[in-house]
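Below you'll find the structure, written out as structure tokens, and then a few comments.
The figures here come from the full heavy-atom set of this structure, side chains too, leaving out hydrogens, waters and symmetry mates. None of these values were measured; they are calculated from a predicted model.
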Amino acid sequence: MAGIVGFISYQGFPSAAYSGRNKPMLPKRIGFLGFDGVTACHLVGPADTFASAALDDGYGNRISCYQICTIGLSSGSFRSESGVLFKAEETLQTAPELDTIVIPGGKGLRQAEVSEKISDWILTRARQARRIASICTGIYGLAPTGLLDGREVTTHWRFASDVVRRFPKLRVDHKRPLVKDGPFYTCAGLTAAIDLSLALIEEDYGRHVALAAAREPATSANRNGEQDFSRPSQFDSQPTDRFAELVGWIMRNLHEDLSVNALARRACMSPSHFNRAFKSVFGSTPAEFVENLRVNEANRRLSTPKRTIDTVAASVGFSDAETFRRAFERRLGAKPGSHLYQPRDSNGESRGNSNGSTSKIPRNDTVSVVERTP
């Protein structure tokens with residue numbers, strides 16, 4: 001009997017540069033539906049692709065673009081067509097708010113009971129989710145909702161005639177690997193599902209991030225990286241390529257003017273358009289995002305020798321020490337002085353900082369500090 005594949009959750013990739021209380025970017029949550037008789041690769045392949053999408057903060061840390069959530073019909077495990085067992089972390093009743101809903105294919109979905117449960121649930125979520133996608137025969141879970149009526153769709157050629165018979169209001173073209181019609185996305189099979197994931201990444205974060213995800217081992221095993229993803233996206237999208245390397249540039253230039261107007265000029269966008277687009281991608285305003293990056297980098301610099309609160313504040317772009325103190329306490333819940341570097345005496349005891357506090361540090365505790373000048 002196949003073993004259980006533990007919770008398919010890609011909430012990892014912790015970033016040391018973003019250890020503050022308030023995260024500067026909220027990953028988009030992707031919900032994958034799971035059921036008995038699902039095609040395992042329809043679930044794992046696209047999920048791995050989304051999990052490969054990440055931004056670079058400029059210091060080698062990964063900022064995950066997506067949070068993957070598997071949603072089962074019940075709280076128990078579900079078995080794929082091949083016999084692999086999965087354990088979903090959520091159920092239809094407990095599923096959180098989702099940016100995107102993905103319905104994998106599989107013979108289980110062609111059973112009326114399963115299809116009905118999924119389609120009824122989708123109707124309750126259709127207005128909340130930004131987009132809904134089906135993979136191959138996943139269309140059997142989406143079509144009964146009526147949301148695809150009159151829309152162009154695709155599916156695997158082997159099931160195209162049956163889909164036409166069951167759902168005559170759909171405009172089925174099985175020769176197209178990917179189809180986007182409004183907020184609904186359909187694809188014809190596993191290879192197309194990987195391309196669909198990459199196209200959605202491109203739509204959200206730009207071609208640079210999508211190409212990087214295509215080069216990841218989990219993805220390139222199916223798509224051979226950039227070589228197979230070198231053509232334009234299969235459907236029209238509005239990529240945010242201008243943001244692809246913006247985070248790294250900001251991290252390397254924290255001492256510069258990082259106002260909305262300055263960042264908008266760098267992205268070649270109007271300030272109002274930049275502000276709206278930035279918030280839709282990163283989940284916060286540019287000002288909040290920049291302040292959080294500055295505070296986290298300041299926290300790191302405070303631990304280096306021969307630094308003062310004033311010099312650290314200036315080095316990361318704060319106009320004065322008082323503004324820095326307020327931002328630091330608001331974000332990290334502590335005073336900057338409590339994080340300031342404390343030299344040790346020959347007994348391994350701290351000599352104290354500007355606040356007069358001391359702490360015992362073991363003699364054999366070594367601290368490696370890498371200085372990065374702004």
Side-chain angles (χ1 to χ4, degrees), residues 30-43 45-47 70-74 78-82 88 91-93 95 98-197 199-200 203 233-237:
I30 310 289
F32 279 82
L33 291 170
F35 48 88
D36 284 331
V38 69
T39 301
C41 58
H42 288 179
L43 179 60
T70 49
I71 304 167
L73 274 59
S74 64
F78 59 91
R79 187 187 297 273
S80 71
E81 287 181 322
S82 59
T91 67
L92 297 180
Q93 291 72 37
L98 300 167
D99 174 84
T100 303
I101 297 173
V102 180
I103 313 162
K107 65 180 182 181
L109 197 52
R110 298 194 291 279
Q111 298 178 8
E113 182 181 359
V114 175
S115 177
E116 183 178 347
K117 284 183 179 180
I118 288 179
S119 60
D120 287 348
W121 179 81
I122 289 173
L123 283 173
T124 67
R125 293 299 189 105
R127 291 184 178 275
Q128 302 173 23
R130 181 164 60 100
R131 58 196 178 194
I132 302 176
S134 71
I135 298 173
C136 192
T137 54
I139 199 169
Y140 284 95
L142 182 55
T145 64
L147 297 171
L148 297 180
D149 289 357
R151 296 184 182 274
E152 294 185 10
V153 299
T154 189
T155 188
H156 194 282
W157 63 268
R158 189 177 298 167
F159 301 94
S161 58
D162 185 59
V163 171
V164 170
R165 179 181 61 82
R166 291 197 191 191
F167 311 104
K169 294 183 180 181
L170 274 56
R171 296 157 57 194
V172 180
D173 183 358
H174 68 270
K175 295 181 180 180
R176 298 176 61 185
L178 305 178
V179 173
K180 173 187 176 182
D181 193 329
F184 302 101
Y185 303 71
T186 54
C187 66
L190 175 59
T191 301
I194 300 298
D195 283 341
L196 171 64
S197 303
L200 293 180
E203 190 174 84
S233 177
Q234 293 290 327
F235 44 72
D236 294 334
S237 64

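- Residues Leu33 and Val38 have side chains not in contact (no heavy-atom distance under 4.5 Å, counting atoms from C-beta outward).
- Put simply, the side chain of Ser115 never gets that close to the backbone of Arg110: no donor and acceptor are under 3.5 Å apart.
- Proximity of a side-chain donor or acceptor of Thr91 to a complementary backbone N or O of Ser74 within less than 3.5 Å is not detected.
- Residues Val153 and Asp181 form no side-chain contact, since every pair of their non-hydrogen atoms from C-beta on lies 4.5 Å or further apart.
- Residues Leu92 and Ile71 have side chains in contact (heavy-atom distance under 4.5 Å, counting atoms from C-beta outward).
- Considering all non-hydrogen atoms of both residues, Phe32 and Ala47 come closest at CZ-N, 3.7 Å.
- Of the inter-residue distances, the one linking Ser134 atom OG with Leu109 atom CG reads 9.0 Å to the nearest 0.5 angstrom.
- Remark: the backbone N or O of Ile30 is not paired with any side-chain donor or acceptor of Asp99 at under 3.5 angstrom.
- Ala188 and Thr155 make their closest contact through CB-O, 3.7 Å (heavy atoms, listed as atom of the first residue, atom of the second, distance).
- The line from CZ of Arg131 to CG of Leu200 is 4.5 Å long, rounded to the nearest 0.5 Å.
- Residues Leu73 and Val114 form a side-chain contact, since some pair of their non-hydrogen atoms from C-beta on lies under 4.5 Å apart.
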Report the C-alpha distance between Val179 and Asp173 in whole Å, list the side-chain angles of each, state the deciding distance to 0.1 Å, and finish with yes or no for side-chain contact (heavy atoms from CB on, under 4.5 Å). CA-CA 9 Å; Val179 173; Asp173 183 358; 5.8 Å; no
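- For the pair Leu196 and Cys187, the tightest heavy-atom approach, listed with the atom from each and the gap, is CD2-SG, 3.9 Å.
- The two residues Glu81 and Gly37 make their nearest non-hydrogen contact at CG-O, 3.2 Å.
- Of all heavy-atom pairs between Ala143 and Leu170, the closest is CB-CD2, 3.9 Å.
- The CD1 atom of Ile135 sits 9.5 Å away from atom OG1 of Thr39, with the distance rounded to the nearest 0.5 Å.
- Interatomic distance, CZ of Phe35 versus CD of Glu113, reported as 13.5 Å (0.5 Å rounding).
- Within the model, atoms CD1 of Ile101 and CH2 of Trp121 stand 4.0 Å from one another, a figure rounded to the nearest 0.5 Å.
- Checked options Arg176, Lys180, Lys175, Lys169; the residue passing with Glu152 is Arg176 (criterion: salt bridge (charged side-chain N to carboxylate O under 4.0 Å, His left out)).
- Formation of a donor-acceptor pair under 3.5 Å by the Arg171 side chain with backbone atoms of Gly150 is found in this model.
- For the atom pair Phe184 CZ and Ile139 CD1, the distance stands at 11.5 Å (nearest 0.5 Å).
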Trace of the side-chain contact (heavy atoms from CB on, under 4.5 Å) decision for Leu123 with Leu147: CA-CA 8 Å; Leu123 283 173; Leu147 297 171; 4.2 Å; yes
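- Put simply, the side chain of Phe167 does not reach to within 4.5 Å of the side chain of Leu148, judged on heavy atoms.
- His42 approaches Cys136 most closely through the heavy-atom pair CE1-CB, 3.4 Å.
- Side chain of Arg125 to main chain of Ala95: a donor-acceptor pair is present (N/O by atom type, distance under 3.5 Å, no hydrogens or angles).
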